[in-house]
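Notes for the one structure printed next.
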Amino acid sequence: MPIGAQYLEVAAHLADVCRSCGRDPHDVKLIAVSKTVEAPRIQEAIDAGAHVFGENRPDQIMDRHARYPHEEWHFIGNVQSRRIKDIVPCAALIHSVYEEHHLARIERAAQEAGKVQDILIEVNVSGEESKGGAAPQEVPRLLRATEAFDHVRVRGLMTMAPQGDLDVAERCFADLRELRDRMRVEWDSPDAAFLSELSMGMSEDWERAVAQGATMVRIGRAIFSEDFA
Ligand SMILES: *Cc1c(COP(=O)(O)O)cnc(C)c1O
C-alpha cells in the first residue's frame, strides 16, 4: 500500500480506538516516525494529511526540518550533549530527555534560538537494561532540576515498552500514567500544560497505550514500511 494510504488507515484506526475507549480522537496526536525512509517519501505522508513527524538522529531532523519547515518535527532519539544546539532549533518537542546535565545545554540553546523548549522526560518504566530513560524514582529529582530553567518546559513523560507481550506493554503504559498522575499532584503546577502529555505507543502496541491514556503515539513502520502486517 502507498504511504499516503497507510497513513490514512492508521489515522482512521486511531480515531476508532479513541472512540472505543471513550476518548476524543483530537486528544491523541499521531506522530509519523519517518526515521527509516528517504526524505522525499515524507511528502507522500504530508499529502495524505500528516503534519507531525518524529526523527531520532540530529542530522536527519535538521535536514528534514529544513526541507519541510511547515511541518512539526519531534526529536525522539538519544540526546547527546554536543548535538543539543542542533536539535533545539528544529524540535517542537524533545521526547527523550533524562540526563540532568543536558538541561543547562537545552536552556542555553533555547535562549539562543529565542524559544522555550518543550521537553518530555523519558522514563525507563520496565527497567530493561538496554533501554534509555530515567528510573521512575529519579523523575522527581529531574523535575526539580528543570525549575531552574526559564527556557525549558516539561510537558510530560515518555516511555518505550518492552516488545513481544502486549499485556506487559500495557502494564508499563499504566505505570507511566500513574507516575505522571502522582507527579502532577505533588507539583500542583499552575501551568495546565505541565505534565499534560504522555508519549507512549509504537506500531505494535499503540492501541494499548491509547487505552492507558497516551496523548501522543509514535508510529513508524505501520505508516512507512511496506511489509508491516
Ligand atoms: C523508531 C521509534 C518509534 C517507531 O517505532 P515503530 O515500531 O516503527 O512504530 C517510536 N519511538 C521511538 C523512540 C523510536 O525510536
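All ligand and atom numbering here is 1-based and tracks the order in the structure. Starting from 1, each residue takes its place in the sequence as its number.
Scanning both residues, P162 and K131, for their nearest heavy atoms gives CA-NZ, 3.9 Å.
A donor atom on one side chain and an acceptor atom on the other are not found under 3.5 Å apart for S96 and E122. Under 3.5 Å, the side chains of D47 and Q43 contain a donor-acceptor pair of N or O atoms.
Ring geometry for F53 versus W73: interplanar angle under 30°, hence parallel rather than tilted (30 to 60°).
Taking a 6.0 Å sphere around CD of E226, one finds it holds 12 or fewer heavy atoms contributed by other residues, nucleotides or ligands.
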Ligand 1: which protein N/O atoms lie under 3.5 Å from its N/O atoms?
residue, atom, partner, partner atom, Å
ligand 1, 7 (O), R221, NE, 3.2
ligand 1, 7 (O), R221, NH2, 2.8
ligand 1, 8 (O), R221, N, 2.8
ligand 1, 8 (O), R221, NE, 3.2
ligand 1, 9 (O), S203, N, 2.9
ligand 1, 9 (O), S203, OG, 2.5
ligand 1, 9 (O), G220, N, 2.8
ligand 1, 11 (N), R218, NE, 2.8
ligand 1, 15 (O), K35, NZ, 2.7

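Sequence neighbours left out, not one pair with a member in residues 132-176 passes ring pair (Phe, Tyr, Trp, His ring centres under 6.0 Å).
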